[in-house]
Amino acid sequence: MLKLAQQAGLHIVQGEHLTCLSVLAADQVAVQTSEGRTIMTKRLGLTVGAWTNDVLAHLGMELPLDIWKVHWATTMLTQQSRIQYLSGTRLASSSQIPEMKACTMGSLQKVLSLLSRLVLTLRRMHNFSYKPDAMVAASLDTFLRAEWNGFLQRRDLHCSPYTMTADGMFILDQLPGFPQISLFT
């Protein structure tokens, strides 16, 4: 599909920071990059995730998006636990946090997102820190010790920005007022 899109004129730019975005005419958009390039196009597709509002600021616009500080970890489990959890066996339900009761491994990310949103929700990336939050780390460790029989230790913890609308969805649409710009958050 990518190859067909490129044959039809799609040009993907990766690894360069957008430094300026301008709509020059109804069918002309200019993008300037950190590499000093100016890219002129009739239509622009933005897929900048957590940097959406930072980029849209060039157009004097901000969308009601939240940037979640999502934490993710690598853990060590006993061999028996790896087999059990990877097969989808339910976790114990001794936790005092209702959202954490009877979780499956697949829903742990939802729990971590819940904890992450309690810690930090931003509109723009300029205040974002990739450093894991100590409260989330402690809560995760407590949860894993209580709920995952066979949990040995957490190896590491990382943070990534994740962009969502207030209703927990994403946007795939034309930018309001700018039909030449499509946006996917």
Side-chain angles (χ1 to χ4, degrees), residues 1-75 86 88 104-133 136 140 155-185:
M1 186 193 262
L2 175 61
K3 194 172 190 173
L4 289 173
Q6 288 172 326
Q7 289 171 352
L10 174 72
H11 178 72
I12 297 174
V13 177
Q14 295 178 318
E16 295 183 43
H17 297 276
L18 181 145
T19 58
C20 187
L21 172 62
S22 306
V23 176
L24 304 175
D27 65 345
Q28 193 171 34
V29 178
V31 174
Q32 293 177 338
T33 75
S34 57
E35 300 297 315
R37 297 191 314 143
T38 299
I39 301 166
M40 305 295 284
T41 185
K42 291 181 180 185
R43 295 199 42 82
L44 176 66
L46 289 175
T47 58
V48 292
W51 290 267
T52 297
N53 279 330
D54 294 278
V55 169
L56 294 182
H58 293 277
L59 301 174
M61 175 179 257
E62 180 172 291
L63 295 177
L65 299 172
D66 291 332
I67 300 170
W68 296 352
K69 186 174 182 176
V70 176
H71 291 70
W72 48 280
T74 305
T75 59
L86 292 176
T104 61
M105 191 169 115
S107 64
L108 180 58
Q109 185 61 38
K110 184 176 180 180
V111 172
L112 293 178
S113 292
L114 172 72
L115 289 172
S116 296
R117 284 182 284 153
L118 295 174
V119 174
L120 176 67
T121 301
L122 300 170
R123 292 282 185 191
R124 298 215 180 151
M125 284 296 291
H126 65 275
N127 289 330
F128 189 86
S129 168
Y130 287 88
K131 182 180 177 187
D133 184 272
V136 173
L140 175 62
R155 284 187 148 170
D156 53 26
L157 184 62
H158 305 277
C159 291
S160 298
Y162 193 74
T163 307
M164 298 295 288
T165 59
D167 61 0
M169 298 300 211
F170 59 88
I171 297 173
L172 176 56
D173 204 347
Q174 286 183 336
L175 194 58
F178 299 93
Q180 62 277 66
I181 300 176
S182 295
L183 178 67
F184 178 55
T185 59

Approximate separation, where rounding is to 0.5 Å, of Glu62 CD and Leu65 CG: 8.0 Å

Sequence neighbours excluded, every pair satisfying side chain to side chain donor-acceptor pair (under 3.5 Å) that has a member inside residues 19-35: Glu16-Thr33

Which atom pairs, donor and acceptor, lie under 3.5 Å between side-chain atoms of residues 174-185 and protein residues at least two apart or in another chain?
| residue | atom | partner | partner atom | Å |
| --- | --- | --- | --- | --- |
| Gln174 | NE2 | Pro179 | O | 3.3 |
| Gln180 | NE2 | Ala25 | O | 3.3 |
| Gln180 | NE2 | Ala26 | O | 3.4 |
| Ser182 | OG | Arg43 | NH2 | 3.1 |
| Thr185 | OG1 | Ile171 | N | 2.8 |

Result block: side-chain N/O donor-acceptor pairs under 3.5 angstrom for residues 51-58, not counting sequence neighbours:
| residue | atom | partner | partner atom | Å |
| --- | --- | --- | --- | --- |
| Thr52 | OG1 | Gly49 | O | 2.6 |
| Asn53 | OD1 | Leu63 | N | 2.7 |
| Asn53 | ND2 | Leu63 | O | 3.0 |
| Asn53 | ND2 | Arg123 | O | 3.3 |
| Asp54 | OD2 | Met125 | N | 2.9 |

Leu21 side chain reached by Leu46 side chain, heavy atoms, under 4.5 Å: yes

4.5 Å side-chain heavy-atom contact, Ile67 and Phe128: yes

Pairs satisfying salt bridge (charged side-chain N to carboxylate O under 4.0 Å, His left out), at least one member in residues 174-185, at least two apart: none

Non-hydrogen side-chain atoms of Val29 and Leu24 separated by less than 4.5 Å: no

Residues forming a side-chain hydrogen bond (donor to acceptor under 3.5 Å, both in side chains) with Thr41, sequence neighbours excluded: none

Contact check, side chains of Tyr130 and Ser160, non-hydrogen atoms, under 4.5 Å: no

Any donor-acceptor N/O pair, His71 side chain to Lys69 backbone, under 3.5 Å: yes

Contacts of Thr47 that satisfy side-chain hydrogen bond (donor to acceptor under 3.5 Å, both in side chains) - sequence neighbours left out: none

Non-hydrogen atoms of Ser129 and Cys159 that approach each other most closely: O-CB, 4.5 Å

Atom NE2 of His158: over 12 foreign heavy atoms under 6.0 Å: yes

Note, Thr163 side chain near Val48 side chain (heavy atom, < 4.5 Å): no

